[in-house]
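Step one of this worksheet: look at the structure below.
These numbers come from a predicted model, not from an experiment. Both backbone and side-chain heavy atoms feed into the values below; hydrogens, waters and symmetry mates do not.
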Amino acid sequence: MMKFRLFFMIAIGCLWNNFVVAAPAPEAKPSEEEVNEYVEIPPISVAMYNKRKRPAGTMTVMMQLKIDDENQRAVARKIMPRLKNAYMQETLKLALNFFDISRPVNANILGRSLQNVTNQVLKHD
């Protein structure tokens, strides 16, 4: 009887540890500086085309916009639908006319194009 109680207590202890260990860790809060500096852009997905200009896959672009000025960040958040639409159009234009599904995407060209769009929409130099 004593062995059964000891085994039962050990089993309960092991199960309790599994429940305690399996509990999710609390989410890490981003630092105040990180929250203030970046504006989250919703993911953009566009079709990728083959050499015959037929849809052959999907490209998803995920990005953040770094804006140092708090007023400009507020403006960017306010016109986010316009920004996302401009990013979608530019990415789709590149996917249709320049990028090919059989080659890796040139991130440098994509980044420069999206930076130019950002400058146009936010009316930067």
If you apply the rule side-chain contact (heavy atoms from CB on, under 4.5 Å), what do you find for D100 with K51, and how did you get there? CA-CA 7 Å; D100 184 7; K51 291 179 182 177; 3.6 Å; yes
Shortest non-hydrogen separation from F99 to M48 and the atoms involved: CB-CE, 3.8 Å
Residue among Q89, M62, E90, M63 satisfying side-chain contact (heavy atoms from CB on, under 4.5 Å) with I44: M63
Verify the neighbour count for atom NZ of K53: are there more than 12 heavy atoms of other residues, nucleotides or ligands below 6.0 Å? yes
Is there side-chain contact between Q64 and I41, with at least one heavy-atom pair below 4.5 Å? no
Sequence neighbours excluded, which residues qualify as side-chain hydrogen bond (donor to acceptor under 3.5 Å, both in side chains) partners of Q72? H124
Do Y87 and V61 have side chains that get closer than 4.5 Å, going by heavy atoms? no
Give me the atom names and distance for the closest heavy-atom approach of V105 to M59. CG2-SD, 3.7 Å
Heavy-atom closest pair, residues T58 and S45: CG2-CB, 4.1 Å
CE/M88 to NZ/K93 distance, rounded to the nearest 0.5 angstrom? 15.0 Å
Nearest 0.5 Å please: distance from the CZ atom of R73 over to the NZ atom of K66. 10.5 Å
Restricting to side-chain contact (heavy atoms from CB on, under 4.5 Å), what partner residues turn up for L92, sequence neighbours left out? V46, Y49
Mind listing the closest non-hydrogen atom pair of P43 and T60 along with its distance? CB-CG2, 4.2 Å
To the nearest 0.5 Å, what is the distance between CG (N116) and CZ (R112)? 8.5 Å
From CA spacing to verdict: side-chain contact (heavy atoms from CB on, under 4.5 Å), L83, V39: CA-CA 11 Å; L83 263 174; V39 175; over 6 Å; no
Note: R77 and Y38 closest approach over all heavy atoms is NH2-O, 3.7 Å
Minimum heavy-atom distance between L65 and T118, given as atom pair plus value: CD1-CG2, 3.7 Å
Hey, what do you get for CG (L94) to CG (L114), rounding to the nearest 0.5 Å? 7.5 Å
